[in-house]
Amino acid sequence: VYMPLMTRDWADWYDYDSYEPNNTRAQAYGPLRSGQTLTSYIYVPDDQRDYYSMTVSMAGRITIDLIVPVCCDYDLYLYDSPTGNFVAASNYMGRGLDERIVYNVAPPGPTTYYVLVYSPYRDSSSQFPYRLTPQFPTGHRRWER
């Protein structure tokens, strides 16, 4: 059996990113919870895309915040289907610039949305993670005193 060196290299960094494989929408990690913060990496230049999924079941506002490490330029995209084009994006040009998407939704029923953290210039870091926090309507109200 022939296993190229690249597979071994992938395995080395793969252990540090618990959400991999998530390089396609079909492999998206999730579903995410509203208010949950994920800390992850674009660990090597070949890992340009990290996809996450979340299910929105009622009308309201989706807000997604991406805290970008100072060494990297990452973009943020939101998709409303497994194969279609993005419906919202935040793609400031420059290293260390945080990204934010605000998108109003009125789904007819539970809808799976896909969030993409993308490294357009193949920036990566094994030391400095990004932080992703989605907030979206869940249908659960908090009881307040």
Side-chain angles (χ1 to χ4, degrees), residues 3-142:
M3 294 190 71
L5 181 60
M6 189 172 161
T7 302
R8 185 185 60 79
D9 292 342
W10 173 272
D12 286 345
W13 68 266
Y14 195 81
D15 292 337
Y16 297 102
D17 188 347
S18 57
Y19 307 115
E20 291 288 347
N22 64 346
N23 298 326
T24 68
R25 279 182 254 177
Q27 297 172 322
Y29 177 84
L32 302 179
R33 293 184 321 269
S34 183
Q36 170 186 18
T37 297
L38 285 88
T39 301
S40 194
Y41 297 86
I42 301 285
Y43 206 81
V44 294
D46 289 338
D47 181 31
Q48 279 185 277
R49 292 173 175 83
D50 283 352
Y51 281 96
Y52 301 90
S53 69
M54 58 190 193
T55 302
V56 178
S57 56
M58 60 185 300
R61 178 178 295 169
I62 294 174
T63 303
I64 305 166
D65 289 302
L66 178 66
I67 306 301
V68 179
V70 296
C71 60
C72 300
D73 182 356
Y74 298 156
D75 295 339
L76 189 59
Y77 294 89
L78 179 67
Y79 299 84
D80 66 355
S81 73
T83 58
N85 293 325
F86 64 87
V87 295
S90 177
N91 49 12
Y92 294 113
M93 186 179 286
R95 289 191 166 100
L97 297 178
D98 297 339
E99 305 286 350
R100 174 177 250 203
I101 288 176
V102 177
Y103 184 71
N104 291 316
V105 296
T111 302
T112 300
Y113 287 85
Y114 298 88
V115 178
L116 169 61
V117 176
Y118 178 62
S119 178
Y121 306 109
R122 300 171 58 93
D123 290 346
S124 63
S125 175
S126 61
Q127 296 178 347
F128 302 106
Y130 64 80
R131 287 178 178 73
L132 179 70
T133 306
Q135 295 183 35
F136 52 91
T138 60
H140 302 300
R141 291 179 176 246
R142 290 188 205 152

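Just so it is clear, the model here is predicted, and its values are computed rather than measured.
Remark: Arg131 CZ to Asp98 CG distance equals 10.5 Å, nearest 0.5 Å. With values rounded to the nearest 0.5 angstrom, Tyr121 atom OH is found 10.0 Å from Ser119 atom OG. With rounding to the nearest 0.5 Å, the separation of CD1 in Ile62 from OG1 in Thr111 is 9.0 Å. One finds the CZ atom of Arg95 at 10.0 Å from the OH atom of Tyr74 (value rounded to the nearest 0.5 Å). In this structure, the separation between OH on Tyr92 and CG on Leu66 is 12.0 Å, given to the nearest 0.5 Å. Here the CZ atom belonging to Arg33 is positioned 9.5 Å from the CZ atom belonging to Phe136, to the nearest 0.5 angstrom.
Between Ile42 and Asp123 the shortest side-chain heavy-atom distance does not fall below 4.5 Å. You'll find the side chain of Ile64 reaches within 4.5 Å of the side chain of Leu76, heavy atoms only. Looking at Val105 and Tyr113, their side chains come closer than 4.5 Å, going by heavy atoms from C-beta outward. When side chains are defined from C-beta on, Phe128 does not count as touching Val70, because their heavy atoms never get closer than 4.5 Å. Counting only heavy atoms from C-beta outward, the side chains of Gln27 and Tyr19 never approach each other to under 4.5 Å. Taking the side chain as every heavy atom from C-beta outward, Ser124 and Pro45 approach each other to under 4.5 Å. Contact annotation: the side chain of Tyr51 approaches that of Tyr79 to within less than 4.5 Å [non-hydrogen atoms, C-beta and beyond]. Under the 4.5 Å side-chain criterion, counting only non-hydrogen atoms from C-beta, Ile101 is not in contact with Thr63.
Here the shortest heavy-atom pairing between Ala59 and Ala106 reads CB-CA, 3.9 Å. Scanning both residues, Pro134 and Leu32, for their nearest heavy atoms gives CG-CD1, 3.8 Å. Smallest separation of non-hydrogen atoms from Ser126 and Tyr43: CB-CZ, 3.4 Å. Residues Ser34 and Thr138 come closest through the heavy atom pair CB-CG2, 3.5 Å. Between Gly30 and Ser53, the closest heavy-atom pair is CA-OG, 3.5 Å. The two atoms that bring Gln127 and Tyr41 nearest to each other are C-CE2, 3.9 Å, heavy atoms only.
Remark: the Thr37 side chain and the Thr133 side chain contain an N/O donor-acceptor pair separated by less than 3.5 Å.
Annotation for Arg61: atom CZ does not count as buried by contact number, only 12 or fewer foreign heavy atoms lying within 6.0 Å. When the shell of 6.0 Å around CG of Asn85 is examined, it contains 12 or fewer heavy atoms from other residues, nucleotides or ligands.
Considering only residues two or more places apart in sequence or on other chains, Tyr130 meets the side chain to side chain donor-acceptor pair (under 3.5 Å) condition with Asp50, Tyr52. Residues passing the salt bridge (charged side-chain N to carboxylate O under 4.0 Å, His left out) test with Arg100, sequence neighbours excluded: Asp65.
Ring centroids of Phe86 and Tyr77 are separated by less than 6.0 Å, placing the two rings close together.
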For Glu20 and Asp47, what are the C-alpha separation, side-chain angles and deciding distance, and is it a side chain to side chain contact (heavy atoms under 4.5 Å, CB included)?
-> CA-CA 10 Å; Glu20 291 288 347; Asp47 181 31; 3.1 Å; yes

Begin with the C-alpha distance, continue with both residues' side-chain angles, and end with the deciding distance and a verdict on side chain to side chain contact (heavy atoms under 4.5 Å, CB included) for Val68 and Asp73.
-> CA-CA 7 Å; Val68 179; Asp73 182 356; over 6 Å; no

